[in-house]
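What you see is a predicted model, and the numbers here were worked out from it, not measured in a lab. Just so we're on the same page: letters track the sequence lines, and every chain starts at 1.
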Amino acid sequence: MKFTNLMAPTLREVPAEAEVISHKLLVRAGFIRKSSAGIYTYLPLAHRVLKKIEGIIREEMDAAGGQEILMPIMQPAELWLESGRWDVYGGELMRFKDRHDRDFCLGPTHEELITDLVRGELSSWRQLPIMLYQIQDKFRDERRPRFGLMRGREFIMKDLYSFDRDAAGMDESYKAMHRAYCNVFSRCGLEYRIVEADPGAIGGNHSHEFMVLAEAGEAEIIYCSGCSYAADGEIATSKKPEAYEGPEVPPYELIETPGANTIASLAQFLHVGEDQLVKTLFYQADGQVVCILLRGDRELNEIKLKNAIGCYELAMADIPDVVAITGCQPGYLSPIGLAGKVKVYVDEEVMALGATVAGANRPGYHYGNVLPKRDFPLDVVGDFRQVAAGDVCPFCGKPLMSARGIEAGQIFKLGTKYSKALNLVYTDEKGEKQPVEMGCYGIGVSRTMAAAVEQCNDKDGIVWPVSIAPYHVVIVPTTAEGPVWDAALALYQDLMKEGVEAVLDDRDERAGVKFKDADLIGYPIRITVGKKFTESRQVEFKKRWEQEAETLALDEVKAKIKEVLS
RNA sequence: CGGGAUGUAGCGCAGUUUGGUAGCGCGCCUCGUUCGGGACGAGGAGGCCGCAGGUUCGAAUCCUGUCAUCCCGACCA
């Protein structure tokens, strides 16, 4: 491709709306342009990168037993009503009506549609297992699209669905996909980590996320410094402490704590650590107020609490509701005396405290010598704490670490959630109907491209991994005429004949401009034809990820390119 | 959805407080000089000042509404 024929509109200045590196660079380097919030056009360079990522995904899915199909983006409401998700999915589902006033949506995911497809064709156990996948645009009306391609409203996704006769079969499919995903991200040249994850609205009971490591990632990864434990911060857990079994504690007593209306100020006033105190919080779960007790130094993990309660909406309770229950403004709230009023969820770390201090439902006062269970109710004891770096690994006891990641893929064991809701059954050897065990497996293709940029860049621009680079080689003639130009053109034509993916920067620009754009766009290899060619028929060969260039004779270039690309 | 900010040329911005008929840098076009890390000079094109109402002799500027975009939070396969 000649640069003058390539629509790659590079910008010298950063668009004001871009915040994260991948968004800035993809816009500046002429890969994408915004259409509306969270919706982008992929220009030729981006399109090539996406096709490469998709190519890698196809090879790995096919090798794992997948068959590619293409389902409609437009989906009828009936299927979503049947699964129950038409009402549950909420505002994220892009809904519309056709001319006959029938309800439809743009597919945010395809469990309903594929289950409907397979139930129409599946009859015998002999047909299983089946793995079907597609690569297509997905639509989610995000409340807040942001960070360019990282969280869009329209994005490209690969979604594969597995159908097995039993749980053991589903486990095999899950393992096969787990391996295939490792291959995909490794082949894309990305540094990633696999973590245990919350299945969320897709459902099921077992899920892993594939996190591309990057500072701009929206997800927190907790992983162990000593063993292989790694989990999304949303569900990560730390070692459960032993419940307190020390000497007997005298009855609780009122103590004066003027002005100590936060955990920090109370700890300071009493000269004890925040981890010696009890924090009392009130939340509202689908309209019902609940109480949560945590160790003073801890934050609540709302996802854990949400899963424990089994509610859809969870938010801090309104202050008037709290006052109605406790008779006290926040600051000195007490767990004592809540029996029968609200359900109390207690983090297991609280149980490890001996005599502790809690609020007294009276401004300026706390109770000392408070003992969990003896002095306040424990309706549910569990893990509700947000785990942080430095906590103790639940499996090996070594300290946990924290990193940030971009969720590029997630795999789920769905079990029979959708097959039961949509009546997807097969007939087994005994002639009995059985529900199908399903799994689903997604990769954000456009997000993976953004993640690659997020991970592979320097101050000058993108540094594409070879496997997903839009082109492998750029040839930069320092002038657009004379022997230098002729040599560059001949080299380009030669490389084209050999099937090398090359761009010839044939613009009538100064060399500096071409170098800047080459770095910005991020071709893995740059070949400069210039003064060394005039002097001694040599060219400069530079790898994007190395600082220094090497000088080669013109006829050595082809071999060198092949060596570097392989 | 709550909070904050911004909409002026393709991109980055000034002008708005104090109303007087639109400006800078980059990019673009022409000519010349340059030519290995975003050159220089001269000339030129390009703007319903987001949109709709209102106030005024007169609105980019003041008022009302509305739309859009971005940030923080909440939320999220």
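For the pair R193(A) and Y223(A), the cation sits on the ring face: its NZ or CZ lies under 6.0 Å from the ring centre, inside 45° of the axis. R153(A) forms no cation-pi arrangement with F139(A), by the criterion of a distance under 6.0 Å to the ring centre and an angle within 45° of the ring axis. Seen from the ring of W80(A), R95(A) does not count as a face-on cation partner, given the 6.0 Å and 45° thresholds. Cation-pi contact between K413(A) and Y174(A): present, with separation from the ring centre below 6.0 Å and deviation from the ring axis of at most 45°.
Two rings, from H23(A) and Y40(A), have their centers less than 6.0 Å apart.
rG65(B) sits 26 Å from rU18(B) when the C1' atoms are compared, rounded to a whole Å. Separating the P atom of rA39(B) from that of rG20(B) is a span of 38 Å, rounded to the nearest Å. For the P atoms, the distance linking rC24(B) with rA45(B) amounts to 13 Å, nearest Å. When the P atom is used for both rU55(B) and rC72(B), the distance is 41 Å, rounded to whole Å.
Put simply, the side chain of R28(A) and the base of rG38(B) share a donor and an acceptor less than 3.5 Å apart. In this model, a side-chain donor or acceptor of D517(A) finds a partner on the base of rG38(B) within 3.5 Å. No hydrogens or angles were tested; on distance alone, a donor-acceptor pair under 3.5 Å links the side chain of R151(A) to the base of rC76(B).
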N/O contacts under 3.5 Å, protein versus nucleotides 44-51 of chain B?
none

Grab the N/O contacts between the protein and nucleotides 3-11 of chain B below 3.5 Å, and write none if there aren't any.
from    : atom 1 : to     : atom 2 : distance (Å)
rC11(B) : O2     : E13(A) : OE1    : 3.3

What nitrogen or oxygen pairs link the protein and nucleotides 29-36 of chain B at under 3.5 Å?
from    : atom 1 : to      : atom 2 : distance (Å)
rU34(B) : O2     : R510(A) : NH1    : 2.8
rG36(B) : O6     : G530(A) : N      : 3.4
rG36(B) : O6     : K531(A) : N      : 3.0
rG36(B) : N1     : E540(A) : OE1    : 3.4
rG36(B) : N2     : E540(A) : OE1    : 2.2
rG36(B) : N2     : E540(A) : OE2    : 2.7

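Of the candidates rC75(B), rC26(B), rC76(B), the closest approach to any side-chain atom of R12(A) belongs to rC26(B). Which of rA39(B), rG37(B), rC75(B) sits closest to the side chain of K542(A) comes down to rG37(B).
The CZ atom of R143(A) sits 18 Å away from the C1' atom of rC71(B) (whole-angstrom rounding). A straight line from CZ of F155(A) to P of rC76(B) spans 15 Å, rounded to a whole angstrom. The nearest whole Å value for the distance from the OH atom in Y89(A) to the P atom in rC76(B) is 11 Å. Atom CD1 in I406(A) sits roughly 16 Å away from atom C1' in rC76(B) (whole-Å rounding). Atom pair E19(A):CD and rG73(B):P shows a separation of 11 Å (rounding to whole Å applied). Residue R507(A) contributes atom CZ, which lies 13 Å from atom C1' of rG27(B) at whole-angstrom precision. Rounded to an integer number of Å, the gap from E302(A) CD to rC76(B) C1' is 13 Å. Atom CG in L305(A) sits about 15 Å away from atom P in rA74(B), given to the nearest Å.
Remark: Y471(A) pairs with no residue by the ring-ring contact (aromatic ring centres under 6.0 Å, His included) rule, at least two apart or across chains. Legend: residues meeting ring-ring contact (aromatic ring centres under 6.0 Å, His included) with H47(A), ordered by chain and number and at least two apart, are absent.
Here rG53(B) sits opposite rC63(B) as a Watson-Crick or G-U wobble pair (both hydrogen-bonding atom distances under 3.5 Å). rC35(B): no Watson-Crick or G-U partner with both key distances under 3.5 Å is found in any strand. Across all strands shown, rU6(B) pairs with rA68(B); the Watson-Crick or G-U wobble distances both stay below 3.5 Å. Here rU21(B) sits opposite no nucleotide as a Watson-Crick or G-U wobble pair (both hydrogen-bonding atom distances under 3.5 Å). Pairing of rG43(B), defined by two Watson-Crick or G-U wobble distances under 3.5 Å, is identified with rC29(B).
OP1 or OP2 of rC76(B) sits under 4.0 Å from a side-chain N or O of K306(A).
Evaluated for a ring pair (Phe, Tyr, Trp, His ring centres under 6.0 Å) with W464(A), the options F31(A), W545(A), Y523(A) yield exactly one hit, F31(A).
Panel note: side chain Q455(A), backbone L213(A); a donor-acceptor pair is recorded below 3.5 Å.
Sorted by first then second residue, the side chain to side chain donor-acceptor pair (under 3.5 Å) pairs that include residues 5-18 of chain A, not counting sequence neighbours, are T10(A)-D517(A), E17(A)-K34(A).
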